[in-house]
Enquirer: 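Please read through the structure below; I'll follow up with questions.
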Protein chains: 4
Amino acid sequence: MPRVSSKKELVVAAALSLFRQKGIRATTTKDIARRAGVSEGTIYRHFASKDELAAYIFERTETLFFRFLSSWLPASGDATDMLRQYIRGFFAFSRKHHKHYSFIVAAYQTELRKSVQSRMKPQTMLERIIRHGQVQGSFRLMDTRLASAMVLGVLIQTVFHLKTGQLAVNFSDVLLETEQTCLRILQNGARHHPEQSNEEADT
Amino acid sequence: MPRVSSKKELVVAAALSLFRQKGIRATTTKDIARRAGVSEGTIYRHFASKDELAAYIFERTETLFFRFLSSWLPASGDATDMLRQYIRGFFAFSRKHHKHYSFIVAAYQTELRKSVQSRMKPQTMLERIIRHGQVQGSFRLMDTRLASAMVLGVLIQTVFHLKTGQLAVNFSDVLLETEQTCLRILQNGARHHPEQSNEEADT
Amino acid sequence: MPRVSSKKELVVAAALSLFRQKGIRATTTKDIARRAGVSEGTIYRHFASKDELAAYIFERTETLFFRFLSSWLPASGDATDMLRQYIRGFFAFSRKHHKHYSFIVAAYQTELRKSVQSRMKPQTMLERIIRHGQVQGSFRLMDTRLASAMVLGVLIQTVFHLKTGQLAVNFSDVLLETEQTCLRILQNGARHHPEQSNEEADT
Amino acid sequence: MPRVSSKKELVVAAALSLFRQKGIRATTTKDIARRAGVSEGTIYRHFASKDELAAYIFERTETLFFRFLSSWLPASGDATDMLRQYIRGFFAFSRKHHKHYSFIVAAYQTELRKSVQSRMKPQTMLERIIRHGQVQGSFRLMDTRLASAMVLGVLIQTVFHLKTGQLAVNFSDVLLETEQTCLRILQNGARHHPEQSNEEADT
DNA sequence: AATGAATGAGGTTTCATTCAT
DNA sequence: GATGAATGAAACCTCATTCAT
């Protein structure tokens, strides 16, 4: 029986860490090997190329993210509840799986935009929640993809600012604020008829 | 801008185009020279390095963006109006200066995150508008950076989806929708079923 | 040959097949192991190195070839008969032991030219036949090595063209033709415009 | 104006020399660069890959060989004369362009067999001469490709033995001998006792 | 004996940058 | 100013060989 140690996980962990810090292209195979404490050749016993390693990590992370979010969603079918839990799960993931989170956000926005086909599944999940809410009547009718993109945009930016410590507010305040913000985006409500908005602007 | 040298502009235009398509790292100086119709050496007559070229383009683009937005802002001081005009200017820029827009968004999110220090000035401008609105009382009180980040997140995601043609709706509808969304985020007002959200906020 | 180990023969067979297809250098130990259905380590239990494996196969093949040819040679001592049988044996080997044949020809011409010292014994055998014929007076006097090289050159080229199917003629015709050709090369006789060639031959 | 020195020829000369000594695969780009006195990068300014360099040298050499042979052929149309001159040209090339000769023979037989499509034009030229002789009636009728292959087999083997100095005879003797041998192969004439060969064919 | 993960030297290729012209 | 051949460090990757199991 051959060695079972398998340094594959060492490679994956090192690569995840470096990819997220410096980006995929800027990370060299030598970097990864050094950080993982293995030889460069070892990388290629487990992955056909650096790109394949990146894709592997991306998919694994996406699945992890997806499952993590799923575990937060309530069984019940209330879309507003689901959205809240989605947001909480999102924040929780960004804290518990710090490295995975920042890797996947960076990778999605940039280097893997084209190569990986499985559309960031967490977004798909969000779309489903929104569509559900629209059917239930609790969310207003608008393009579902756009809606989910907007919500994700808000979440990603918020977490980014939380992480970089530029925010003076505490975590749970931001969480509540973000929930409200996202609901504002999605919920019905006669907002914004110019007169109204002016009125409200005065509030 | 006085044309110091015709070649320099050729280089800048070629680099802008390539950087945004493939990213900065993935673009080689040979690529740039070929596209610009100049020799590789010429690049180095005008810029000390590829990174400096990228930084130059970034700053120039940011300034262009900033001035463009400024020209859309109303002289008047109503924050809601200003926000609306900011959004319209943002959309207009993304259409008129397609290449500059996609370059700056990509660069900001990724490769230049650290190297360029001038905080993407359009965000600063947005922050100022929001702070202004908060002072005026038309926007609710919240962390200004967070607020501006959220609004930018929405704008960037929306434009991205507009560009990739995944939206079935037309431009002016999306524009209106986005305006409303951003106002929902920023304005005061008892939106979203307060009872619920309060309850859960206690959880 | 007693089978020392079943695996060893699997390795040899796989290597023979691959070496002849792609050459020795271009064949990797991983290729061999995969084709043989064994692990890479197993190769090294039986052979000290890839080169030694190649040398082993070369020598084994040469011996096989030599014995095969020997079994075709008549007991009688007529050089012309011996040559005919040599040629027939050569053709027969190239058909019955297709892989061995193409391996040994390729290896001899190229990669093993220097490393293997045992002069391709089939050539030695041919030399002996020719010398015999010269002593008998049935073959003309000429450098024996050169003569054998020429005959081998003819045989190898002919078989090559037979194998690649570029010849419109059938096997037994080619065989007869080749016999005649080799005899023309070796035999005495006022061939070809006697006046001219004889004169020049005397020069 | 840039440097015009062009180290391309240095690279080509070094590669030709090394390829023929050690084979293409066994020659490293580092070898080539060192021998040529240039950096490895320089190779890639002029050739897309090592294989392309090899193909370039092969084609160039083939053309050189072809032109060299052409310059030896008589204007007159006598096939026997043409063949004699072809052979003399062949020998002359192998001596004057020693490196080119041994490269092309080795490359043709082995590493470039498949990759280069232009059938070793010197063989085509020989085929044409043989066909011409057959039409004239001075050469017997036989498969032209086979005939040319046989003659080339003889020439290559003879030159090989001349070069390796294993032959005790002098150059012009070998040349004459080879001419006769080739003419024996090609010319008409009832050689070899037919009865015998038929009988033995039944064996 | 057999395995195959691991090694690491070394191979091919890329590319930002320099510099003679 | 402009050129592009040249550089050489460093990137990615291969592969014969070793060795713990």
Side-chain angles (χ1 to χ4, degrees), chain A residues 1-8 10-11 25-33 36-53, chain B residues 4-8 11 25-34 37-53, chain C residues 4-8 11 25-34 37-53, chain D residues 1-8 10-11 25-33 36-53:
Chain A
M1 219 166 298
R3 245 169 267 173
V4 212
S5 66
S6 191
K7 313 220 166 173
K8 184 173 178 177
L10 293 175
V11 169
R25 281 193 90 91
T27 299
T28 70
T29 51
K30 188 163 293 192
D31 285 343
I32 298 169
V38 303
S39 72
E40 276 190 85
T42 296
I43 298 171
Y44 291 89
R45 171 148 311 279
H46 297 289
F47 303 97
S49 67
K50 197 179 87 167
D51 282 353
E52 200 170 272
L53 168 59
Chain B
V4 178
S5 148
S6 57
K7 305 269 178 177
K8 182 171 178 178
V11 168
R25 278 195 94 88
T27 298
T28 69
T29 51
K30 178 168 288 189
D31 285 342
I32 298 169
R34 191 184 305 120
V38 305
S39 71
E40 280 188 83
T42 297
I43 296 171
Y44 290 86
R45 180 146 311 276
H46 298 289
F47 303 96
S49 68
K50 195 179 93 167
D51 282 350
E52 198 170 276
L53 168 59
Chain C
V4 177
S5 147
S6 58
K7 305 268 178 179
K8 182 170 178 180
V11 168
R25 277 194 95 90
T27 298
T28 69
T29 50
K30 179 169 287 189
D31 285 341
I32 298 170
R34 192 184 305 118
V38 304
S39 72
E40 280 189 83
T42 297
I43 297 171
Y44 288 86
R45 179 145 312 274
H46 297 289
F47 303 97
S49 69
K50 194 179 93 166
D51 282 351
E52 197 170 275
L53 168 59
Chain D
M1 217 167 299
R3 244 167 269 173
V4 212
S5 67
S6 192
K7 313 220 167 177
K8 184 174 178 178
L10 292 175
V11 169
R25 281 194 91 92
T27 299
T28 69
T29 50
K30 188 163 293 191
D31 286 341
I32 297 169
V38 304
S39 71
E40 278 190 83
T42 297
I43 297 171
Y44 291 88
R45 172 147 310 280
H46 297 290
F47 302 97
S49 67
K50 198 179 87 167
D51 281 353
E52 200 170 271
L53 168 58

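Worth saying up front: this structure is predicted, and the values here are computed from it rather than measured. Convention: sequence-line order gives letters A, B, ...; per-chain numbering from 1.
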Enquirer: Can you see which heavy atom on B:Ala33 is nearest to which on B:Ser39, and at what distance?
Expert: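 Shortest heavy-atom contact: CB-C, 3.8 Å.
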Enquirer: At what distance, to the nearest 0.5 angstrom, does NZ of A:Lys7 lie from CZ of A:Arg45?
Expert: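 The CZ atom of A:Arg45 is 12.5 Å from NZ of A:Lys7, to the nearest 0.5 Å.
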Enquirer: I'd like a list of close polar pairs between nucleotides 9-12 of chain E and the protein, N/O only, cut-off under 3.5 Å.
Expert:
| from | atom 1 | to | atom 2 | distance (Å) |
| --- | --- | --- | --- | --- |
| E:dT12 | OP1 | D:Lys50 | NZ | 2.8 |
| E:dT12 | OP2 | D:Thr29 | N | 2.6 |
| E:dT12 | OP2 | D:Thr29 | OG1 | 2.9 |

Enquirer: Looking only at side-chain N and O atoms, does D:Ser39 come under 4.0 Å of OP1 or OP2 in F:dT7?
Expert: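 Checking D:Ser39 against F:dT7: at least one side-chain N or O falls below 4.0 Å of OP1 or OP2.
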Enquirer: Taking 4.0 Å as the cut-off, does a side-chain nitrogen or oxygen of D:Arg45 come that near to OP1 or OP2 on F:dA6?
Expert: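 No.
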Enquirer: For the pair made of CG in A:Asp31 and P in F:dC13, what is the distance, rounded to whole Å?
Expert: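 From A:Asp31 CG to F:dC13 P: 14 Å.
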Enquirer: When you match D:Thr42 and A:His46 each to their closest nucleotide on DNA chain E, which lands nearer the 5' end?
Expert: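 On the 5' side of the pair lies A:His46.
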Enquirer: Between D:Leu10 and D:Ala36, what is the shortest heavy-atom contact and its length?
Expert: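 Scanning both residues, the minimum pair turns out to be O-CB, 3.5 Å.
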Enquirer: With rounding to the nearest 0.5 angstrom, report the OG1 to CZ distance, B:Thr28 to B:Arg34.
Expert: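 The distance works out to 6.5 Å.
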Enquirer: In this structure, how many angstroms lie between the P atom of F:dT18 and the CD1 atom of C:Ile43, rounded?
Expert: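 My rounded result for the distance is 13 Å.
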Enquirer: If only atom types and distance count, is the side chain of C:Lys50 paired as donor or acceptor with the main-chain N or O of C:Thr27 below 3.5 Å?
Expert: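 The answer is yes, because a donor-acceptor pair under 3.5 Å joins these two groups.
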Enquirer: How many angstroms lie between CD in D:Glu52 and CZ in D:Phe47, if you round to the nearest 0.5 Å?
Expert: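 If I round to the nearest 0.5 Å, the distance is 8.0 Å.
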Enquirer: Report the distance from atom OG1 of B:Thr29 to atom CD of B:Glu40, rounding to the nearest 0.5 Å.
Expert: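 These two atoms lie 4.0 Å from each other.
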Enquirer: Quick check for you: to the nearest 0.5 Å, what is the distance between C:Ile43 atom CD1 and C:Leu53 atom CG?
Expert: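 The distance works out to 7.0 Å.
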Enquirer: Is D:Lys8 close enough to F:dA6 that one of its side-chain N or O atoms is under 4.0 Å from OP1 or OP2 there?
Expert: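 So the side-chain polar atoms of D:Lys8 never come under 4.0 Å of the phosphate oxygens OP1 or OP2 of F:dA6.
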Enquirer: What is the separation between atom CG on C:Asp51 and atom P on F:dC15, rounded to the nearest whole Å?
Expert: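 Interatomic distance, CG of C:Asp51 to P of F:dC15: 15 Å.
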Enquirer: Give the dot-bracket string for DNA chain E, reading 5' to 3', where a pair is Watson-Crick or G-U wobble with both distances under 3.5 Å, ( ) marks pairs inside the strand, [ ] marks pairs crossing earlier ones, | marks a partner on another strand, and . marks unpaired.
Expert: .||||||||||||||||||||
Enquirer: Take the protein atom CZ of A:Phe47 and the nucleotide atom P of F:dC12, then report the distance between them rounded to whole Å.
Expert: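 Whole-Å distance recorded here is 15 Å.
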Enquirer: Between E:dC15 atom P and B:Leu53 atom CG, what is the distance in whole Å?
Expert: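 The distance from CG of B:Leu53 to P of E:dC15 comes to 16 Å, rounded to the nearest Å.
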Enquirer: Nearest whole Å is fine: how far is E:dT17 C1' from B:Ile32 CD1?
Expert: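 Going from B:Ile32 (CD1) to E:dT17 (C1'), I get 13 Å.
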